[in-house]
Q: 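This is the structure, below, for whatever I ask next.
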There are 2 protein chains.
Amino acid sequence: MDTRQKIIDAAIIVLNEDFSSPLDKIAERTDLSRRTLHRYFTDRAELIEACREDMLRTWQAAMLQACGSTEDPLLQLEQMLYAGIDCGVRYIFLHKLLSQPEANKATGIPQNTTYETTRDNWFQLIPALQRRQLISEQVNAAWIRLLFIQMISVTVQAYQSGDIAQNDIKQLAWYSFRRSIGME
Amino acid sequence: MDTRQKIIDAAIIVLNEDFSSPLDKIAERTDLSRRTLHRYFTDRAELIEACREDMLRTWQAAMLQACGSTEDPLLQLEQMLYAGIDCGVRYIFLHKLLSQPEANKATGIPQNTTYETTRDNWFQLIPALQRRQLISEQVNAAWIRLLFIQMISVTVQAYQSGDIAQNDIKQLAWYSFRRSIGME
DNA sequence: GAAATATGTCACAACAATGTGACATCAATC
DNA sequence: GATTGATGTCACATTGTTGTGACATATTTC
């Protein structure tokens, strides 16, 4: 398997838990030495940048596919949730990273307009659904956005905890999410 | 105001964002020098321990009050949610800290059985409500527990973001939470 | 205003994390 | 079996973080 990708995968998991974690921990998780890690990424910043690009690519691909699979905006929303869940830790870390501009400045990550526009497209779905009376207009769109992100976080934790039957989790997530935003 | 407490408050906020953050950042947030911080807490471990105790105390007091205010288990659950929200970042950080035993070992935090028993008491409420048919028995108790914790996190973010009317947030949180677990 | 208390500034040693060079080792390929 | 490519080991300079001592400067209390 691609060593570079193996490092990125490990970095995403470790840095998601603790953003200031030393590179040794990432190397440890890949069964490679820190020296090898540095052969692929000269810099910590370069590694983080690679993680960001990887997460962004994965997320955008998943979201595009989810939206392309149907015309029904309700089904689109459901598929978007599943797509986020499939991205898992990537999705969570990406949003954590991009919602903390201080961290970005420190690591020199450029502002990514692709992300913003893509994201904004997804979340224009909500007002559209509200106009069609499929979601109560009482519930704030910003609130729904927070619930969406957090539902993916809950789901990832559920998978990791092992306390919940793996097969049920996705349906459970969609059930809880759609009810939390006032559907059905 | 109590300087010691001021430091703890700052530490909770900063460490919640980045657990490995240098002490300078905490000191900066209090408008005190790092030297003064070290006069109150000789050690980083000691400061973290103080944060843990502070969070635990605040949380337990809030939860006890919430449960003592009524006999109705449904109202109790609602009050518990509001209590968690009032604890805010404290609640989130406490759960983050106590759910990562690796971090505890590193900092020498002792396992706290008071926390576990108190927590377990609260979450015995769920099965009780399910037996009374107030919550669907279809929904897993572990899942509900995750939703509860995350709903508080969402609410704190909503307060911080400023995108949502402050007055509405608590009611919004209770509405979304109770529907997400299958009530009403 | 003198004494006591709290805080700031500076310097410093100890340690941890980073990034790199030099060279060894191992496996695959020719 | 010699060569190449990927990785490991070790050493090293550099930088960031930590905890502490010595002393200066307010601020409060008597």
Side-chain angles (χ1 to χ4, degrees), chain A residues 1-55 89 93 96-97 100-110, chain B residues 1-55 89 93 96-97 100-110:
Chain A
M1 187 212 166
D2 187 12
T3 307
R4 190 186 142 88
Q5 189 60 44
K6 209 156 54 177
I7 295 172
I8 292 177
D9 290 345
I12 288 173
I13 291 170
V14 171
L15 294 179
N16 184 46
E17 275 178 10
D18 179 1
F19 191 69
S20 312
S21 167
L23 298 180
D24 304 69
K25 282 198 180 174
I26 297 170
E28 209 175 307
R29 212 175 209 283
T30 60
D31 276 320
L32 296 169
S33 66
R34 188 166 61 85
R35 191 62 188 86
T36 306
L37 190 151
H38 272 298
R39 286 204 180 92
Y40 287 87
F41 306 94
T42 56
D43 227 86
R44 166 179 261 266
E46 202 177 308
L47 174 57
I48 290 171
E49 172 60 18
C51 289
R52 192 186 122 272
E53 280 170 12
D54 177 280
M55 295 185 295
V89 177
F93 187 32
K96 216 186 279 181
L97 198 63
Q100 289 177 349
E102 337 83 57
N104 298 356
K105 272 179 192 169
T107 53
I109 291 178
Chain B
M1 188 211 166
D2 187 12
T3 308
R4 191 186 142 88
Q5 188 61 44
K6 208 155 57 178
I7 296 172
I8 291 177
D9 290 345
I12 287 173
I13 291 170
V14 171
L15 294 179
N16 184 47
E17 274 178 12
D18 178 1
F19 191 69
S20 312
S21 167
L23 298 179
D24 305 68
K25 282 198 181 171
I26 298 170
E28 208 176 306
R29 211 175 212 285
T30 61
D31 277 320
L32 295 170
S33 66
R34 188 167 62 86
R35 191 64 187 85
T36 306
L37 189 151
H38 272 297
R39 287 204 179 92
Y40 287 88
F41 306 95
T42 57
D43 227 277
R44 167 180 261 265
E46 201 177 308
L47 174 57
I48 290 172
E49 171 60 17
C51 289
R52 192 185 122 272
E53 281 170 11
D54 177 281
M55 294 185 294
V89 178
F93 187 32
K96 215 186 281 180
L97 197 63
Q100 290 177 347
E102 337 82 59
N104 298 356
K105 272 180 191 167
T107 53
I109 290 178

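Protein chains get the first letters and strands the later ones, always in sequence-line order, with residue 1 at the start of each.
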Q: Rounded to the nearest Å, what distance is computed from the CZ atom of residue B:R4 to the P atom of nucleotide C:dT5?
A: 19 Å
Q: What are the two closest non-hydrogen atoms of A:F41 and A:E46, and how far apart are they?
A: CA-OE2, 4.0 Å
Q: Going by an N to O cut-off under 4.0 Å, is there a salt bridge joining B:R52 and B:E49?
A: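 Salt bridge: yes.
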Q: Taking heavy atoms of chain B and a 4.0 Å limit, find me the 5'-most and 3'-most nucleotide of DNA chain D within that range.
A: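 Listing 5' to 3', DNA chain D meets chain B from D:dT17 to D:dA22.
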Q: With side chain to side chain contact (heavy atoms under 4.5 Å, CB included) as the criterion, how do B:H38 and B:L23 come out once you've worked through the C-alpha distance, each side chain's angles and the decisive distance to 0.1 Å?
A: CA-CA 9 Å; B:H38 272 297; B:L23 298 179; 3.7 Å; yes
Q: Step through the shown structure and confirm whether more than 12 heavy atoms of other residues, nucleotides or ligands are within 6.0 Å of NZ on A:K25.
A: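 Result for NZ/A:K25: open.
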Q: Give B:R44 one of three labels, base, sugar-phosphate or nothing, depending on what nucleic acid heavy atoms sit under 4.0 Å from its own.
A: sugar-phosphate
Q: Could you report the tightest heavy-atom contact between A:A27 and A:L37, atom names first, then the distance?
A: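 Closest pair (atom of A:A27, atom of A:L37, distance): N-CD1, 4.0 Å.
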Q: Starting at atom NE2 of A:H38, determine the distance to atom P of C:dA17, rounded to an integer number of angstrom.
A: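 To the nearest whole Å, that distance equals 12 Å.
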Q: Do A:T30 and A:T36 touch side chain to side chain, with heavy atoms closer than 4.5 Å?
A: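 No; the side chains remain at least 4.5 Å from each other.
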Q: Hey, does B:F41 reach any base, or is it just sugar-phosphate, or nothing, if we go heavy atoms under 4.0 Å?
A: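 The answer is nothing, as B:F41 stays clear of every strand by at least 4.0 Å.
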Q: I want to check one thing: is the phosphate of C:dG8, taken as OP1 and OP2, less than 4.0 Å away from some side-chain N or O of B:S33?
A: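 Answer is yes, contact under 4.0 Å.
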Q: What distance separates B:R29 CZ from B:I13 CD1, expressed to the nearest 0.5 Å?
A: 4.5 Å
Q: Do A:K96 side-chain atoms and A:N16 backbone N/O form a donor-acceptor pair below 3.5 Å?
A: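 A pair under 3.5 Å: yes.
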Q: Within less than 4.0 Å of OP1 or OP2 of C:dT7, is there a side-chain N or O belonging to B:T3?
A: yes
Q: Nearest heavy atom decides the nucleotide; on that basis, is A:R34 or A:R39 closer to the 5' end of DNA chain D?
A: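 Per heavy-atom nearest nucleotide, the more 5' residue is A:R39.
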Q: Using a 4.0 Å cut-off on heavy atoms, which residues in residues 21-29 of chain B reach DNA chain C? List them by number, or say none.
A: none
